[in-house]
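Please read the structure below before turning to the comments.
Excluded from the calculations below are hydrogen atoms, water molecules and symmetry mates; all remaining heavy atoms, backbone and side chain alike, are included. Since this is a predicted model, take the numbers as computed values, not measurements. Residue numbers run from 1 in the order of the sequence given.
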Amino acid sequence: MAAASAVAISVFAPFALVRPAAADAAALEIFIKGLSTRAITDLSAATTDKERAARLLPILQEFFDMPALARHTLGAYWRRATPEEQAEYVEVFTQYMSAVYGKRFSEYSGQTLAVQRVREDGERATIFTIVEGAEGKPRVDWDVAVLDGKQMITDVRVEGLSLAETHRQEFTSVISSKGGKVQALIDILKKKVASL
């Protein structure tokens, strides 16, 4: 199931990265389905992990609320970081996410995304999907918010497990073990990005 979940995030994250003209259920579903083939084609054209990461990076930057996700993953440590550390962390966190999930795209083997329903709540919505062709048909839920007039992904949950919360638990544990220093986590993530 872990492998299926990894594939679900790395393969289908780009599907939800769209800005429909209207934030209604039909528009969200149409755009997600319409972009799926294009997203798979784009990432499938890459032949190396680094190339896949490079193709995923601008998608994350444009369509995911990466600054908010980065702040969330640091928890209380965000306020303890200097402005310079905050800016550096947002950048390396985004690079780390593109490297990790770009690499996991290599596990893709023809799965498809099926929209089950869309729940709207003002300028926020959740798109409930399942991954057809993956063991157990894992559920993937996409949280979307309108920020400055744009649809942005604010979190992805696989089988109820939040991507943002999972990284928060991991990263705050690392910082705690390093004496509360955010720079220590930044340095670790930089090394991981370079090694992926």
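In the hydrophobic clustering of ILVMFWY residues, with side-chain heavy atoms under 4.5 Å counting as a link, V144 and I130 come out apart. I153 is not connected to F128 by any chain of hydrophobic side-chain contacts under 4.5 Å among Ile, Leu, Val, Met, Phe, Trp and Tyr, and they are in different clusters.
Atom NZ in K192 sits 8.5 Å away from atom CG in L185 (nearest 0.5 Å). Atoms CZ and CZ, on R71 and R79 in that order, are 12.0 Å from each other to the nearest 0.5 Å. Between the CG atom in L57 and the CZ atom in R52 there is a gap of 15.0 Å [rounded to 0.5 Å]. Note: L74 CG to Y89 OH = 4.5 Å, rounded to the nearest 0.5 Å.
Closest non-hydrogen pair, A25 versus E120, comes out as N-OE2, 3.5 Å. Summarising the geometry of Q61 relative to T94, their closest heavy-atom pair is CG-CG2, 3.9 Å, with the distance given to 0.1 Å. Between H167 and Y101, the shortest heavy-atom contact is NE2-OH, 3.2 Å. The shortest heavy-atom contact between K50 and A194 is NZ-O, 3.7 Å. Taking both residues in full, the closest heavy atoms of F93 and M66 are given as CE2-CE, 3.5 Å, listed atom of the first, atom of the second, then distance. The minimum heavy-atom distance between A114 and E132, with the atom names listed, is CB-CG, 3.9 Å.
No side-chain donor-acceptor contact under 3.5 Å links E88 to the backbone of E84. Judged purely by atom type and a 3.5 angstrom limit, E159 uses its side chain to pair as donor or acceptor with the backbone of R139. The backbone N or O of A99 sits nowhere less than 3.5 Å from a side-chain atom of Y96 that would complete a donor-acceptor pair. A donor-acceptor distance shorter than 3.5 angstrom exists from the side chain of Q86 to the backbone of W78, with no hydrogens or angles considered. At least one donor-acceptor pair closer than 3.5 Å links the side chain of T129 to the backbone N or O of V140. Using a distance-only test at 3.5 Å, with no hydrogens or angles considered, no donor-acceptor pair links the side chain of S176 to the main chain of T172.
Every residue two or more places apart in sequence or in another chain that forms a side chain to side chain contact (heavy atoms under 4.5 Å, CB included) with E85 is listed here: A81, T82, V182, Q183, I186. A184 pairs by the side chain to side chain contact (heavy atoms under 4.5 Å, CB included) definition with K178, K181, not counting sequence neighbours.
Annotation: side chain of I175 is not in contact with side chain of S177 (no heavy-atom distance under 4.5 Å). With a 4.5 Å cut-off on side-chain heavy atoms, Y77 and F171 do not count as touching. Contact of the F105 side chain with the R55 side chain is not registered, since no non-hydrogen atoms from C-beta on lie closer than 4.5 Å. Under the 4.5 Å side-chain criterion, counting only non-hydrogen atoms from C-beta, D49 is not in contact with L196.
Paired with R157 under the rule side chain to side chain contact (heavy atoms under 4.5 Å, CB included), one option of L163, T166, D143 passes, and it is D143. The one candidate from D155, L69, T154 that meets the side chain to side chain contact (heavy atoms under 4.5 Å, CB included) condition with F64 is L69.
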Under the side chain to side chain donor-acceptor pair (under 3.5 Å) rule, what do T126 and D141 come out as? Steps first, then yes or no, please.
CA-CA 6 Å; T126 300; D141 305 332; over 6 Å; no

